[in-house]
Amino acid sequence: MTLITNVTLRRVLDSRGNPTVEADVTTESGGFGRAAAPSGASTGEHEAIELPPSEAIANARDLAVPRLEGEVYAGDQRSVDAALHAADGTDNFSEIGANSAVAISMAAAKAGADVLGAPLYQHLGGTFRGDRFPTPLGNVVGGGEHAEEATNIQEFLSAPVGAPSVTEAVFANAEVHAEISSILEERGVPVNKGDEGAWAPPIGDDKAFEVVAEATDRISDERGFEISFGLDMAAAEMYDGEEYVYEGEPNRSTQEQIDYVVEMVEEYDLAYVEDPLDENDFEAFAELTERVGDQTLICGDDLYVTNVERLQEGIDLGSSNSILIKPNQIGTLTDAVDAIELGSRNGIESVVSHRSGETEDTTIAHLAVGAAAPYIKTGTVAGERTAKLNELIRIEENA
Ligand SMILES: C=C(OP(=O)(O)O)C(=O)O
Ligand SMILES: [Mg+2]
C-alpha cells in the first residue's frame with residue numbers, strides 16, 4: 001500500500017453551471033485519482049451538509065488535508081473515510097462539507113485503484129466483482145424541482161428490466177427518450193428539457209403516464225425485451241405538513257396518496273416507485289410497501305439519505321424494499337457501501353444514483369458494479385449522464 005502524499009482541491013463547474021468541489025489525490029508511488037462532488041436540487045432534510053464550495057475547500061484544506069497527506073494509505077478506503085470523519089468531527093460533515101468529503105473520498109479510491117492497476121469497480125468490490133450489472137433506470141420525463149411548468153411528479157423513469165445486457169439497456173433508454181419527443185411532437189406539445197436531460201413538457205401527470213407507457217411499449221416491441229417504467233415522486237417536496245399539493249389537480253391526504261400510488265402501480269405495472277411519501281413518514285411507506293411491495297420496488301431516497309441508522313429504522317418498520325444510494329448524501333464511499341450492504345443483508349435492493357447537478361465523474365458506475373447493486377439511476381442523455389452510462393458499457397465489455 002502507498003501513502004497519500006498530496007490532496008489538491010479546486011472549484012469546477014457542475015452541469016447546472018454552479019461551482020462544485022473537485023479533488024486530486026496523489027500517492028507516494030505516483031498513483032493518481034480525481035473526482036468531483038455532485039449536487040442535489042430536491043435534497044432530503046436529513047442529508048449531510050453541502051457547504052458553499054469555497055468554504056468547503058478552505059475548511060477541508062485546514063482540517064482534513066493534514067490528516068491525509070503522509071498519514072493514510074490510498075488503498076485503505078475505510079481509513080481514508082475515517083480520517084475525513086475525524087477531521088470533520090460532526091455527524092453530518094457540516095465543518096468540511098459533504099462536497100469536499102465525497103470528492104476526496106472518491107478521488108482517494110481512484111488513486112487506490114491506480115496504484116493497484118485495477119479498475120475502480122474491482123478495487124471497491126474485489127476480484128470476483130464485475131460479473132453482475134445494474135439495470136439503468138433512465139429519467140425520460142420530469143418536472144418537480146428539476147423543471148418549471150412541467151409534471152408534478154419529479155421523474156418518470158424508463159426501466160428496461162428484460163434487457164439482456166447493460167449495453168442494450170442503455171441504448172433502449174435513449175430510444176425511449178427519443179420516442180417520447182416524437183409522441184409529444186405528434187400531440188403538438190412543446191419539448192423543453194429539465195436539469196437531467198429528461199423532457200419537461202407542460203402536461204399533467206395523467207398525460208405523462210400515457211406518453212411514457214406508449215413510448216416504453218413501442219420500444220419494448222421493437223427491441224423484443226421488457227421495458228417497464230417507474231417514478232421518482234420526490235413527495236417530500238409536495239408535502240406541506242398536512243397534504244400532498246398537486247398543481248392542476250386536487251391535493252391528496254396521506255391515505256389518498258397511498259391509494260393513488262397503489263392505483264398507478266396496478267394500472268401501469270410500475271417497476272419502481274421512489275419517495276412516494278414524505279421523508280419522515282416511515283409508517284405510511286410501510287403501509288404502501290405492505291400493499292404493493294410484492295409487485296414493485298418502493299424506494300427510499302429522501303427517507304433514508306443513504307444513512308444506515310435511518311435505513312435500519314426502515315428495515316425494522318418494513319418501510320420499503322429498496323434504497324437509493326447517493327454518496328454525497330452521506331459524504332463518503334465507506335458510508336455508501338455500508339448502506340448497500342446493510343440493505344442487501346435485509347432484502348433491500350440498492351439503486352446507486354446520480355444527483356440532478358452532476359459532473360463528468362464516473363465513480364457511481366464503478367460503485368454500482370463493485371457493490372453488485374441491482375439498479376443504477378443516472379439519466380438517459382446529456383454528457384454528464386452519458387459519462388456514467390458509457391462507462392458502464394466499457395466495464396461490461398471489460399475495455
Ligand atoms: C436525483 C435526484 O434529484 P436531486 O439530485 O435533485 O435530489 C433524486 O431526487 O433522486
Ligand atoms: Mg429522489
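Indexing begins at 1, ligand by ligand and atom by atom, following the structure's order.
Looking at Gly357 next to ligand 1, no N or O pair under 3.5 Å apart turns up. At least one N or O atom of Glu274, backbone or side chain, sits closer than 3.5 Å to an N or O atom of ligand 1. Taking only nitrogen or oxygen atoms, main chain and side chain alike, His354 does not reach within less than 3.5 Å of ligand 1.
By the 4.0 Å heavy-atom criterion, Ala234 is excluded from the residues contacting ligand 1. At a 4.0 Å cut-off, at least one heavy atom of Lys377 sits close enough to ligand 1 to count as contact. Remark: distances from the non-hydrogen atoms of Leu324 to ligand 1 include one below 4.0 Å.
Nearest protein heavy-atom neighbour of atom 8 (C) of ligand 1: Lys326 NZ, 3.1 Å. What sits closest to atom 4 (P) of ligand 1 on the protein, heavy atoms only, is Ser356 OG, 3.5 Å. Taking atom 7 (O) of ligand 1 as the reference point, the nearest protein heavy-atom neighbour is Arg355 NH2, 2.8 Å.
Protein N/O/S atoms found under 2.8 Å from the Mg ion (ligand 2), listed by chain and residue number: Asp232 OD2, Glu274 OE2, Asp301 OD2.
In summary, Glu384 and Arg16 do not engage in a salt bridge, as defined by a charged side-chain N under 4.0 Å from a carboxylate O. For Arg218 and Glu175, the salt-bridge test fails: no basic side-chain N is under 4.0 Å from an acidic carboxylate O. Salt bridge annotation for Asp88-Arg67: absent, with no cationic side-chain nitrogen under 4.0 angstrom from a carboxylate oxygen.
Those atoms of ligand 1 that come under 4.0 Å of a heavy atom in His146, given as number and element, are 2 (C), 3 (O), 4 (P), 6 (O). Per-residue contacts place Asp232 under 4.0 angstrom from the following atoms of ligand 1 (heavy atoms of the residue considered): 8 (C), 9 (O), 10 (O). Applying the 4.0 Å criterion to heavy atoms of Glu155 picks out, from ligand 1, the atoms 1 (C), 2 (C), 8 (C), 10 (O). Close contacts of ligand 1 with Gln154, meaning ligand atoms under 4.0 Å from a residue heavy atom, involve 2 (C), 3 (O), 8 (C), 9 (O). Annotation for ligand 1: atoms under 4.0 Å from non-hydrogen atoms of Gly40 are 4 (P), 5 (O), 6 (O). Close approach of ligand 1 to Asp301 is summarised as follows: ligand atoms under 4.0 Å from at least one heavy atom of the residue are 8 (C), 9 (O), 10 (O).
A donor-acceptor pair under 3.5 Å links the side-chain atoms of Ser100 to the main chain of Ala56, judged by distance alone. Distance alone, capped at 3.5 Å, places no donor-acceptor pair between the Asp269 side chain and the Thr296 backbone. When atom types are taken as modelled, the side chain of Arg310 and the backbone of Leu303 share a donor-acceptor pair closer than 3.5 angstrom. The main-chain N or O of Asp81 is never found under 3.5 Å from a side-chain atom of Thr332 such that the two would form a donor-acceptor pair.
Rounding to the nearest 0.5 Å places CD1 of Ile153 at 9.5 Å from CG of Asp232. Between atom CD1 of residue Ile298 and atom OG of residue Ser322 there is a gap of 9.0 Å, rounded to the nearest 0.5 Å.
Considering only heavy atoms from C-beta on, Glu226 stays 4.5 Å or farther from Pro160 through its side chain.
Cation-pi check for Arg129 over Tyr121 is not met; the charged atom does not lie both under 6.0 angstrom from the ring centroid and within 45 degrees of its normal.
In this structure, the ring of Tyr272 has its center no less than 6.0 angstrom from the ring center of Phe229. Tyr304 has its ring centre no less than 6.0 Å from the ring centre of His46.
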